[in-house]
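Here's the structure we're looking at; comments come further down.
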Number of protein chains: 2
Amino acid sequence: MVEARAWQIVLERIEQDLLSGVLQPGDHLPGERALAAELGVGRSSVREALRVLEVLGLIRTASGSGPRSGAIIVALPGGGMSALMRLQVAAQGFSVDDIVQTRLILETETVSRLAGNPDNRALTVPRTLLSAMDSANLTPEEFLTLDAQFHLSLTEALGNHVLTATMAGLRSSIEAYVQSGLPGLASWPATANRLRHEHRELTDAIAAGNVELARTVIHDHITDYYVETGLAERSGESVPAPAR
Amino acid sequence: MVEARAWQIVLERIEQDLLSGVLQPGDHLPGERALAAELGVGRSSVREALRVLEVLGLIRTASGSGPRSGAIIVALPGGGMSALMRLQVAAQGFSVDDIVQTRLILETETVSRLAGNPDNRALTVPRTLLSAMDSANLTPEEFLTLDAQFHLSLTEALGNHVLTATMAGLRSSIEAYVQSGLPGLASWPATANRLRHEHRELTDAIAAGNVELARTVIHDHITDYYVETGLAERSGESVPAPAR
DNA sequence: GCTCGTATGTGGTCAGACCACAAAGACTAA
DNA sequence: TTAGTCTTTGTGGTCTGACCACATACGAGC
């Protein structure tokens with residue numbers, strides 16, 4: 001413990017300063033050279049720690065001079081969660097099955113809560129995205145991007161940043177798989193139309209406060225595409241029904 | 001895009017090798033000097049990328065010589081998720097409220113699924129931990145550590161690694177808060193006994209296949225401690241009831 | 001054949017040197 | 001005075017080369 005690696009010393013110091021309130025979102029970190037001198041480590045070790053903080057979404061760095069330069073605390077968790085999950089899927093630490101299962105849990109609960117407390121303002125962004133998805137001249141990639149934004153906007157409507165970041169990470173981690181499933185579809189236009197219809201059905205169920213219907217629709221919506229593209233062929237086990 | 005930073009080049013290369021199967025869990029990465037030469041970047045840039053991979057739980061590094069040394073792909077997501085969430089809470093990117101809410105969602109679904117498919121083997125580890133918690137001469141810190149392991153063991157019983165890593169991250173991110181709440185308790189022995197009782201109640205409900213009871217117990221169990229320690233005082237809003 | 005010292009190569013770290021860049025100040029010309 | 005330009009300064013980004021501690025593999029000596 002007394003023999004922590006140099007970059008960990010830097011990381012721990014910054015974490016302590018965050019917890020104690022010395023560092024707040026928006027604040028500048030000391031310069032790399034100053035930090036190195038203050039902590040008695042080399043500048044390269046400081047940089048390794050800052051690189052970690054940057055990937056985790058805690059800081060943003062910019063070179064040059066002035067108030068916009070340097071390392072600034074931003075605390076935007078989305079990118080970090082996405083990188084973590086994406087790499088874990090790539091390294092087979094996370095299976096696509098488990099990712100989909102977890103997405104199913106969170107998104108079912110999301111629409112359940114939205115329907116349980118219907119608020120049309122919460123559906124403004126999702127409905128805008130639905131309209132955008134009605135355009136006939138969208139490539140499958142463009143459509144799927146809007147699709148992802150639609151699902152994420154539902155979670156965002158709950159206002160829970162942890163949930164939002166997690167959902168964003170789950171989605172981006174299997175984005176490559178989702179795209180790779182396109183050629184396996186019998187007919188993209190047919191699939192697109194089905195997705196459009198299910199999106200409307202889901203949104204309407206939420207607006208109507210029909211919790212049960214919303215849960216059923218989102219469950220089928222997610223699992224259908226997963227199965228339809230053949231992404232679920234490896235694991236013979238079926239996707240369980242939504243809990244209650 | 002053509003002007004990616006040097007460390008990102010390394011990261012992308014490794015991610016590509018993972019996705020293409022060139023790199024597999026258990027494999028050794030090329031040496032830092034070799035990677036630097038191969039990619040045309042400096043060794044320090046390679047190290048920044050490796051540091052990120054290490055924190056995210058993708059690799060483990062060891063110095064020295066022989067088959068145990070070097071950077072090895074391990075893909076253990078737990079540590080990375082914990083670091084990410086812990087730092088985001090410290091930097092106020094995640095609120096404790098949102099963490100608890102998310103934990104509530106995931107853990108309610110966890111016990112719900114366990115109760116829906118009762119399997120006594122799945123409860124072996126949790127029950128062992130319950131016995132350990134019965135020891136009279138445990139410090140509050142030791143008790144809370146076992147408590148955390150108990151909750152995590154329930155999630156582990158589902159066999160979903162994404163869920164397990166996420167739960168571990170959520171828990172560790174508020175560990176400091178949980179510990180800091182101890183002095184706010186009226187009586188630790190009374191609280192410990194209540195926790196013991198609720199744990200038994202939960203385990204029995206799962207074993208009996210009583211989904212509704214399990215959901216209710218886990219909800220109250222989590223929210224009670226949160227409120228009891230005064231950790232919820234900042235936000236006046238009450239914790240919502242479990243969905244359905 | 002066994003033991004033990006040594007050679008070798010690894011990651012871990014540091015110091016120093018550039019570079020590109022952005023801002024602030026100084027300087028010049030209208 | 002004012003507008004524009006140039007120079008200075010300090011930042012992060014990167015590379016190089018140099019050590020160190022460490023764990024293994026090799027080989028000399030017993």
Side-chain angles (χ1 to χ4, degrees), chain A residues 1-14 17 23 26-76 79-80 83, chain B residues 1-14 17 23 26-76 79-80 83:
Chain A
M1 202 60 62
V2 292
E3 286 289 349
R5 293 205 258 164
W7 61 273
Q8 289 176 325
I9 296 175
V10 182
L11 221 46
E12 284 163 16
R13 163 62 170 270
I14 294 176
D17 285 350
L23 288 176
D27 286 356
H28 280 69
L29 260 59
E32 295 177 356
R33 294 164 177 86
L35 216 44
E38 185 180 351
L39 297 177
V41 300
R43 192 183 159 208
S44 53
S45 298
V46 172
R47 299 201 94 250
E48 289 181 22
L50 293 186
R51 203 59 47 232
V52 170
L53 292 177
E54 182 176 348
V55 171
L56 293 186
L58 265 92
I59 63 173
R60 158 185 93 66
T61 62
S63 62
S65 176
R68 296 172 169 276
S69 72
I72 303 178
I73 310 219
V74 293
L76 301 175
Chain B
M1 199 63 63
V2 292
E3 286 290 350
R5 293 205 259 165
W7 60 272
Q8 289 176 324
I9 295 175
V10 182
L11 221 47
E12 284 163 16
R13 163 62 170 271
I14 294 176
D17 284 351
L23 288 176
D27 286 356
H28 280 69
L29 259 59
E32 297 178 354
R33 295 165 178 86
L35 257 180
E38 185 179 351
L39 297 177
V41 300
R43 192 183 159 209
S44 53
S45 297
V46 171
R47 298 201 95 250
E48 290 180 22
L50 293 185
R51 205 56 49 228
V52 170
L53 292 176
E54 183 175 349
V55 171
L56 293 186
L58 264 91
I59 63 172
R60 158 185 92 65
T61 62
S63 61
S65 176
R68 296 172 170 278
S69 72
I72 302 178
I73 306 201
V74 293
L76 300 175

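Here is how names work: the chains are called A, B, and so on, in the same order as the sequence lines, proteins then strands, and each is numbered from 1.
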Within the 4.0 Å heavy-atom criterion, would you say [X] contacts the bases, only the backbone, or no part of the nucleic acid?
| X | answer |
| --- | --- |
| A:Arg33 | base |
| B:Arg51 | sugar-phosphate |
| A:Gly42 | sugar-phosphate |

Please report the distance, rounded to the nearest Å, between [atom1] in [X] and [atom2] in [N].
| X | N | atom1 | atom2 | value |
| --- | --- | --- | --- | --- |
| A:Arg60 | D:dG12 | CZ | P | 12 Å |
| A:Leu53 | D:dG12 | CG | C1' | 15 Å |
| A:Leu39 | C:dG12 | CG | P | 19 Å |
| A:Arg47 | C:dC18 | CZ | C1' | 14 Å |
| A:Leu50 | D:dG12 | CG | P | 8 Å |

So for B:Arg43 and C:dG12, does any side-chain atom that can act as donor or acceptor lie under 3.5 Å from a complementary atom in the base? yes
Check this for me, if you would: do A:Arg51 and A:Glu54 make a salt bridge, where the nitrogen-to-carboxylate-oxygen distance has to be below 4.0 angstrom? yes
What pairs of residues pass the side chain to side chain donor-acceptor pair (under 3.5 Å) test when at least one of them lies in residues 29-44 of chain B, not counting sequence neighbours? B:Arg13-B:Glu38, B:Glu32-B:Arg43, B:Glu32-B:Arg47
How bent is the helix from C:dG1-D:dC30 to C:dA30-D:dT1, comparing axes over its five end pairs at each side, to the nearest 10°? 30°
So which nucleotide from C:dT13, C:dG11, D:dC15 ends up closest to the side chain of B:Ser45? D:dC15
